[in-house]
Amino acid sequence: MRIGELAARAGTTTRTLRYYESRGLLAARRTDNGYRTYDEDDLRLLQQIRTLQDFGFELEETRPFVECLRAGHPAGDTCPASLAVYRRKLAELDALIGELGAVRAQVGAELARAELTAAARVPGGPEPRCELSPPTTEGMTQ
């Protein structure tokens with residue numbers, strides 16, 4: 001198939017395919033008249049790349065999966081290098097989850113503090129001012 005058909009079937013653009021080719025992830029064969037041609041194996045490579053990118057993998061992280069498929073394995077994630085990328089990505093995700101958990105705990109603590117402060121306000125007392133809001137002239141003499 002030609003580049004336009006492959007792009008349509010893979011749900012991407014010809015520009016993206018040319019970029020993958022420039023990065024060595026996709027290898028086009030050329031016809032006598034110079035047209036790029038691809039086959040079903042190339043479509044499988046693209047599907048692998050796109051799936052991994054949907055999971056948050058960087059383009060370069062997909063390389064071991066592509067190489068695994070090119071080596072003739074039925075799935076791109078059964079080679080040792082692919083498994084290593086999976087392990088690194090899981091560790092990265094675990095670290096991010098930990099960071100987000102810590103931020104969530106801080107936001108929860110700030111909310112609890114703010115709610116206590118708001119509940120303790122004296123009825124009829126001055127309204128607290130947000131430090132980001134400009135001061136009002138209400139109640140001030142000029």
Side-chain angles (χ1 to χ4, degrees), residues 1-123 125-140 142:
M1 72 189 93
R2 299 224 325 239
I3 193 167
E5 182 183 350
L6 179 62
R9 288 184 62 193
T12 190
T13 64
T14 57
R15 182 177 180 185
T16 298
L17 298 184
R18 286 188 204 100
Y19 178 70
Y20 291 170
E21 186 179 338
S22 74
R23 300 294 308 231
L25 292 169
L26 186 63
R29 289 154 301 285
R30 299 280 183 158
T31 62
D32 291 339
N33 58 4
Y35 289 116
R36 289 174 171 90
T37 62
Y38 303 92
D39 58 23
E40 294 296 320
D41 289 338
D42 296 313
L43 180 59
R44 283 184 52 229
L45 293 176
L46 287 173
Q47 290 167 335
Q48 179 77 77
I49 291 169
R50 292 189 45 99
T51 297
L52 292 168
Q53 286 192 305
D54 287 347
F55 291 158
F57 286 69
E58 297 293 327
L59 185 59
E60 193 56 35
E61 291 175 311
T62 69
R63 187 173 300 281
F65 298 85
V66 169
E67 290 171 355
C68 190
L69 285 170
R70 280 189 184 147
H73 295 270
D77 60 2
T78 58
C79 295
S82 302
L83 296 172
V85 172
Y86 271 155
R87 287 184 191 101
R88 279 195 307 271
K89 183 56 78 174
L90 279 176
E92 178 184 313
L93 291 170
D94 287 341
L96 288 172
I97 289 168
E99 290 172 22
L100 286 172
V103 169
R104 187 187 189 293
Q106 289 174 332
V107 170
E110 289 298 315
L111 173 61
R113 181 201 50 77
E115 288 175 335
L116 285 173
T117 300
R121 277 198 328 221
V122 177
E127 288 291 317
R129 286 191 3 221
C130 176
E131 293 187 22
L132 298 178
S133 300
T136 62
T137 57
E138 187 178 305
M140 299 177 124
Q142 294 194 14

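Excluded from the calculations below are hydrogen atoms, water molecules and symmetry mates; all remaining heavy atoms, backbone and side chain alike, are included.
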Under 3.5 Å, sequence neighbours excluded: what are the donor-acceptor pairs made by side chains of residues 92-111?
| unit_1 | atom_1 | unit_2 | atom_2 | d |
| --- | --- | --- | --- | --- |
| E92 | OE2 | K89 | NZ | 3.2 |
| E110 | OE1 | R113 | NE | 3.2 |
| E110 | OE1 | R113 | NH2 | 3.0 |

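Note: S82 OG to L52 CG = 8.5 Å, rounded to the nearest 0.5 Å. One distance of note links CD1 of I3 with OH of Y35; it measures 12.5 Å at 0.5 Å rounding. In this structure, the separation between OH on Y20 and CG on L46 is 7.0 Å, given to the nearest 0.5 Å. With rounding to the nearest 0.5 angstrom, the CD atom of E5 is 9.5 Å from the CG atom of L43.
Counting only residues at least two apart or on different chains, no disulfide (SG to SG under 2.5 Å) pair has a member in residues 26-65. Among pairs with a residue in residues 1-44, none fulfils disulfide (SG to SG under 2.5 Å), at least two apart in sequence or across chains. Residue pairs meeting the salt bridge (charged side-chain N to carboxylate O under 4.0 Å, His left out) criterion with at least one partner in residues 33-43, sequence neighbours excluded, are R9-E40, E21-R36, R29-D39, R29-D42, D41-R44. Note on residues 69-87: no pairs pass salt bridge (charged side-chain N to carboxylate O under 4.0 Å, His left out), not counting sequence neighbours. Sorted by first then second residue, the disulfide (SG to SG under 2.5 Å) pairs that include residues 16-76, not counting sequence neighbours, are C68-C79.
Within a 6.0 Å sphere centred on CG of N33, other residues, nucleotides and ligands contribute more than 12 heavy atoms. Within a 6.0 Å sphere centred on CZ of R15, other residues, nucleotides and ligands contribute 12 heavy atoms or fewer.
The side-chain contact (heavy atoms from CB on, under 4.5 Å) check on R63 picks up R23, L25, E60, E67, with sequence neighbours excluded. Under the side-chain contact (heavy atoms from CB on, under 4.5 Å) criterion, A114 pairs with no residue at all, not counting sequence neighbours. With sequence neighbours excluded, no residue forms a side-chain contact (heavy atoms from CB on, under 4.5 Å) with D54. When the ring pair (Phe, Tyr, Trp, His ring centres under 6.0 Å) test is applied to Y86, the partners found at least two apart in sequence or on another chain are F65. In this view, T117 satisfies the side-chain hydrogen bond (donor to acceptor under 3.5 Å, both in side chains) rule with no residue, not counting sequence neighbours. Contacts of R50 classified as salt bridge (Lys or Arg N to Asp or Glu O under 4.0 Å), with partners at least two apart in sequence or in another chain: none.
Between T13 and A7 the shortest heavy-atom distance is C-CB, 3.7 Å. Looking at every heavy atom in both residues, T78 comes nearest to L83 through O-CD1, 4.3 Å.
Two residues are said to be in side-chain contact when any heavy atoms from C-beta on lie closer than 4.5 Å; Q48 and T62 fail this criterion.
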